[in-house]
Visitor: 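Sending over a structure as structure tokens; questions will come in a sec.
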Amino acid sequence: AAFIPAAERYGLMGAIDRWVIETAFRDYSHGVGQTGAQIAINLSGNSLSDESLLSFIEARFAEYAFPPERVCFEITEIAAIQNLRRALELIVILKKRGSQLALDNFGNGPSSLHYLKTLPLDYLKIDGSFVKDMMENASDSALVAAINQMSHTLGIQTVAEYAHSRAIAERLRELGVDYAQG
């Protein structure tokens, strides 16, 4: 909780994102890639505004013979909104290469449903603040159900963050949420 804000404040997130991409692609090519697993990598808002990020990612795809369809890049809703033009350009090109894209922390910011129509997303990550208390709070459960239904109608798969108990995982399954993270 303290590290990321400090890294953002001192302008280090772009370097950290690049380190994560480099390390994930390298490690994938030397191990986990043998299983055919898919990985997810978060991109910061700082990286979204970096004009050279795409060429960096493409160079790492080539260097590690990394299959683009094996990575899902995650961007937060707030970062996408703040950098919409650049985020859209990056998403469209990465999707053409075969990568998948997720909108992270949906519902935990100044949401606009317009962005769900605008961004060509594969996944919508339902913010954990709705998921973690959904068994005790009918409003949270209803919001998770509504976000899930809306996403499916738009052809977007859902991931529920903070699925930290069997009861929550079972409820998410009943609601038809595609994936749970927690």
Side-chain angles (χ1 to χ4, degrees), residues 1-106 108-109 115 118-128 131 151 155-164 169 172 177-182:
F3 178 76
I4 299 284
E8 287 173 338
R9 185 168 151 214
Y10 292 105
L12 299 173
M13 281 309 300
I16 291 170
D17 284 351
R18 286 171 184 254
W19 179 88
V20 168
I21 292 165
E22 177 91 29
T23 303
F25 285 17
R26 183 189 62 234
D27 290 354
Y28 188 93
S29 69
H30 294 119
V32 73
Q34 308 306 318
T35 68
Q38 181 175 353
I39 62 172
I41 298 175
N42 287 74
L43 297 176
S44 68
N46 292 356
S47 288
L48 287 180
S49 61
D50 179 353
E51 298 283 330
S52 66
L53 178 65
L54 180 61
S55 61
F56 176 82
I57 292 171
E58 289 178 328
R60 300 299 79 75
F61 281 152
E63 179 180 352
Y64 296 108
F66 187 93
E69 65 276 4
R70 288 280 157 221
V71 65
C72 177
F73 290 101
E74 299 183 7
I75 57 174
T76 65
E77 178 183 11
I78 293 170
I81 291 169
Q82 290 174 344
N83 301 290
L84 185 59
R85 181 192 59 78
R86 182 69 191 129
L88 186 55
E89 290 171 2
L90 183 67
I91 288 170
V92 167
I93 292 169
L94 288 172
K95 283 187 66 66
K96 284 181 183 175
R97 304 284 190 277
S99 297
Q100 296 182 327
L101 281 293
L103 189 62
D104 200 3
N105 298 338
F106 182 77
N108 188 16
Y115 297 108
T118 305
L119 298 170
L121 301 169
D122 299 292
Y123 302 98
L124 184 74
K125 295 185 73 176
I126 302 168
D127 190 71
V131 178
S151 296
I156 303 169
Q157 294 184 60
T158 51
V159 179
E161 298 177 327
Y162 210 82
H164 66 284
L172 292 169
V177 173
D178 299 298
Y179 301 98
Q181 175 184 340

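As a basis for the values below, the full set of heavy atoms in this structure was taken, side chains included, without hydrogen atoms, waters or symmetry mates. Numbering starts at 1 and runs along the sequence shown.
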Visitor: Residues two or more places apart in sequence or in another chain: which of them pass side chain to side chain donor-acceptor pair (under 3.5 Å) with N46?
Guide: none
Visitor: Taking the side chain as everything from C-beta on, heavy atoms only, tell me whether D104 gets closer than 4.5 Å to I75.
Guide: no
Visitor: Side chains of F66 and I39: closer than 4.5 Å at any heavy-atom pair?
Guide: yes
Visitor: Under a 4.5 Å cut-off applied to non-hydrogen side-chain atoms, are L121 and Q100 in contact?
Guide: no
Visitor: Decide side-chain contact (heavy atoms from CB on, under 4.5 Å) for L90 and L101; before the verdict, give the C-alpha distance in whole Å, the side-chain angles of both, and the deciding distance to 0.1 Å.
Guide: CA-CA 10 Å; L90 183 67; L101 281 293; over 6 Å; no
Visitor: Distance check, rounded to the nearest 0.5 Å: T23 atom OG1 versus I16 atom CD1?
Guide: 11.5 Å
Visitor: Side-chain contact test, heavy atoms from C-beta onward, threshold under 4.5 Å: evaluate it for I91 versus F73 and give yes or no.
Guide: no
Visitor: Would Y179 and T158 count as a side-chain contact (heavy atoms from CB on, under 4.5 Å) if you check the C-alpha gap in whole Å, the side-chain angles of each, and the deciding distance to 0.1 Å?
Guide: CA-CA 6 Å; Y179 301 98; T158 51; over 6 Å; no
Visitor: Under the rule for side chain to side chain contact (heavy atoms under 4.5 Å, CB included), what residues qualify as partners of I4, not counting sequence neighbours?
Guide: E8, M13
Visitor: Could you tell me which residues satisfy side chain to side chain contact (heavy atoms under 4.5 Å, CB included) with A102, sequence neighbours excluded, listed by chain and number?
Guide: C72, E74, Y123, K125
Visitor: Using 0.5 Å steps for rounding, measure from the CG atom of L43 to the OG1 atom of T76.
Guide: 10.0 Å
Visitor: Taking side chain to side chain donor-acceptor pair (under 3.5 Å) as the definition, give me every residue that meets it alongside D122, ordered by chain and number, with sequence neighbours left out.
Guide: K95
Visitor: Quick one, L103 with I156, criterion side-chain contact (heavy atoms from CB on, under 4.5 Å). Give me CA distance, side-chain angles, the key distance, then yes/no.
Guide: CA-CA 10 Å; L103 189 62; I156 303 169; over 6 Å; no
Visitor: Are side-chain heavy atoms of V131 and V177 found at a separation under 4.5 Å?
Guide: no
Visitor: Who are the side chain to side chain donor-acceptor pair (under 3.5 Å) partners of E161, not counting sequence neighbours?
Guide: none
Visitor: When rounded to the nearest 0.5 angstrom, what distance separates CG in L48 from CG in L88?
Guide: 11.5 Å
Visitor: How would you list, by chain and number, every residue that makes a side chain to side chain contact (heavy atoms under 4.5 Å, CB included) with R60, sequence neighbours excluded?
Guide: I21, E22, F25, F56, E63, Y64
Visitor: Between atom CZ of R70 and atom OG of S29, what is the distance when rounded to the nearest 0.5 Å?
Guide: 14.5 Å
Visitor: Under a 4.5 Å cut-off applied to non-hydrogen side-chain atoms, are L12 and F3 in contact?
Guide: no
Visitor: By side chain to side chain contact (heavy atoms under 4.5 Å, CB included), which residues pair with P68, not counting sequence neighbours?
Guide: F61, R97, S99
Visitor: Of all the heavy-atom pairs spanning R85 and E89, show the shortest one and how long it is.
Guide: NH1-OE2, 2.7 Å
Visitor: Sequence neighbours left out, what passes side chain to side chain donor-acceptor pair (under 3.5 Å) with S52? Give chain and number order.
Guide: R18, D50
Visitor: Are V159 and I126 side-chain neighbours, meaning at least one heavy-atom pair lies under 4.5 Å?
Guide: no
Visitor: Could you work out, with ring pair (Phe, Tyr, Trp, His ring centres under 6.0 Å) as the rule, every residue matching Y162, not counting sequence neighbours?
Guide: H164
Visitor: Determine whether a donor-acceptor pair (N or O, by modelled atom type, separation under 3.5 Å) exists between the side chain of Y28 and the backbone of A37.
Guide: yes
Visitor: If you measure only the distance, is there a donor-acceptor pair under 3.5 Å linking the side chains of E69 and Q38?
Guide: no
